[in-house]
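Here's the structure, in structure tokens; my notes come after.
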Amino acid sequence: EDQVTQSPEALRLQEGESSSLNCSYTVSGLRGLFWYRQDPGKGPEFLFTLYSAGEEKEKERLKATLTKKESFLHITAPKPEDSATYLCAVFPDSSYKLIFGSGTRLLVRP
Amino acid sequence: DSGVTQTPKHLITATGQRVTLRCSPRSGDLSVYWYQQSLDQGLQFLIQYYNGEERAKGNILERFSAQQFPDLHSELNLSSLELGDSALYFCASSVGGEDSPLHFGNGTRLTVT
């Protein structure tokens, strides 16, 4: 069964304290892996798509990487405005469904 | 702003009732997806339409149905509502390829009392 697992469930950082979020996946074949940011009461906001192992994408303080079994979202020198829930999702070869993990709630304290 | 419009933003109704949620996709997007998000379940895929045709179905209850119209807007109909149907319902759209990102609206918050 296709599955996406994110860790940790919650993460508290001080402003400027870099860290990484993990997304591990089990799928028969991967069309694409997506990272989203979700603020309370809002819809998920698209951040990155990764298609193949070794690929990396960057946007401001965020950098996403992909291996054959997992993806990392690295946050460098985070700011309080980076506080949100970060969601990972995969599009398996076998399905038209985008399958989401349960997310990592990130809180960055000033 | 993702360009995906969902109405209404909030809906409060009683058990047993029927409601309709509406979604207008981004200009040019042919695919529409519906997701349900509750506190203990995360984002659960309900159904996908591509250019008016149903393409994929998730764990959508028989009391729920959806359609995509010729102008590409979509409606999600929820009937015989139960307390457990209270959730955020999101619509997302994409250009259509399975590797193209989904862009989400801000959801409809449904409260069943």
Side-chain angles (χ1 to χ4, degrees), chain A residues 1-10 21 23 25 27-53 55 57 59 62 64 66 71 73 84-105, chain B residues 1-7 9-10 21 23-26 29-51 53-60 87-111:
Chain A
E1 183 184 347
D2 300 322
Q3 203 164 357
V4 180
T5 304
Q6 291 188 246
S7 61
E9 288 187 12
L21 283 54
C23 170
Y25 59 91
V27 294
S28 51
L30 183 69
R31 291 184 197 269
L33 184 141
F34 302 81
W35 281 98
Y36 285 84
R37 168 194 170 125
Q38 186 174 24
D39 293 298
K42 297 287 184 72
E45 175 190 348
F46 170 69
L47 294 173
F48 303 110
T49 309
L50 301 166
Y51 295 107
S52 55
E55 191 175 356
K57 293 271 179 78
K59 180 180 179 180
L62 301 177
L66 180 65
S71 176
L73 184 66
T85 295
Y86 290 85
L87 298 165
C88 170
V90 298
F91 245 136
D93 268 346
S94 57
S95 168
Y96 289 110
K97 306 182 224 179
L98 185 62
I99 301 170
F100 280 85
S102 54
T104 294
R105 293 190 311 279
Chain B
D1 183 3
S2 68
V4 178
T5 304
Q6 289 189 249
T7 57
K9 289 184 181 179
H10 302 279
L21 282 52
C23 169
S24 294
R26 292 189 321 163
D29 284 357
L30 298 178
S31 272
V32 169
Y33 300 74
W34 287 97
Y35 280 82
Q36 179 191 57
Q37 187 176 44
S38 51
L39 283 174
D40 57 347
Q41 291 280 336
L43 273 165
Q44 299 295 312
F45 171 74
L46 296 178
I47 198 164
Q48 183 211 356
Y49 283 83
Y50 177 79
N51 204 20
E53 299 290 326
E54 181 184 307
R55 181 178 256 187
K57 223 169 185 177
N59 296 324
I60 186 168
L88 265 169
Y89 291 84
F90 287 106
C91 170
S93 72
S94 76
V95 295
E98 284 73 44
D99 56 356
S100 54
L102 275 60
H103 297 273
F104 284 79
N106 280 326
T108 292
R109 181 174 294 280
L110 174 66
T111 303

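Not measured: the values here are computed from a predicted model. In what follows, chains carry the letters A, B, and so on, assigned in the order in which the sequence lines appear, proteins first and then strands, with residues in each chain numbered from 1.
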Segment of Gln38(A) engaging chain B (4.5 angstrom heavy-atom cut-off):
side chain
By a 4.5 Å heavy-atom criterion (distance strictly below it), what part of Lys57(B) contacts chain A: side chain, backbone, both, or neither?
backbone
What part of Leu87(A) lies closer than 4.5 angstrom to a heavy atom of chain B: side chain, backbone, both or neither?
side chain
Atom group of Ser102(A) that falls short of 4.5 Å from chain B, counting heavy atoms
neither
If you take all heavy atoms of Pro25(B) and Cys23(B), which pair is closest and at what distance?
CD-O, 3.9 Å
Could you state the interatomic distance from OG (Ser2(B)) to CG (Asn106(B)), rounded to the nearest 0.5 Å?
6.5 Å
Is the number of heavy atoms from other residues, nucleotides or ligands under 6.0 Å of Asn59(B) CG greater than 12?
no
Residue that, paired with Tyr36(A), satisfies side-chain contact (heavy atoms from CB on, under 4.5 Å) out of Phe100(A), Phe48(A), Tyr86(A):
Phe100(A)
Give a yes/no verdict on a cation-pi contact between Arg31(A) and Phe91(A), requiring under 6.0 Å between NZ or CZ and the six-membered ring centre and an angle within 45° of the axis.
no
Contact class of Gln6(B) relative to chain A, heavy atoms under 4.5 angstrom
neither
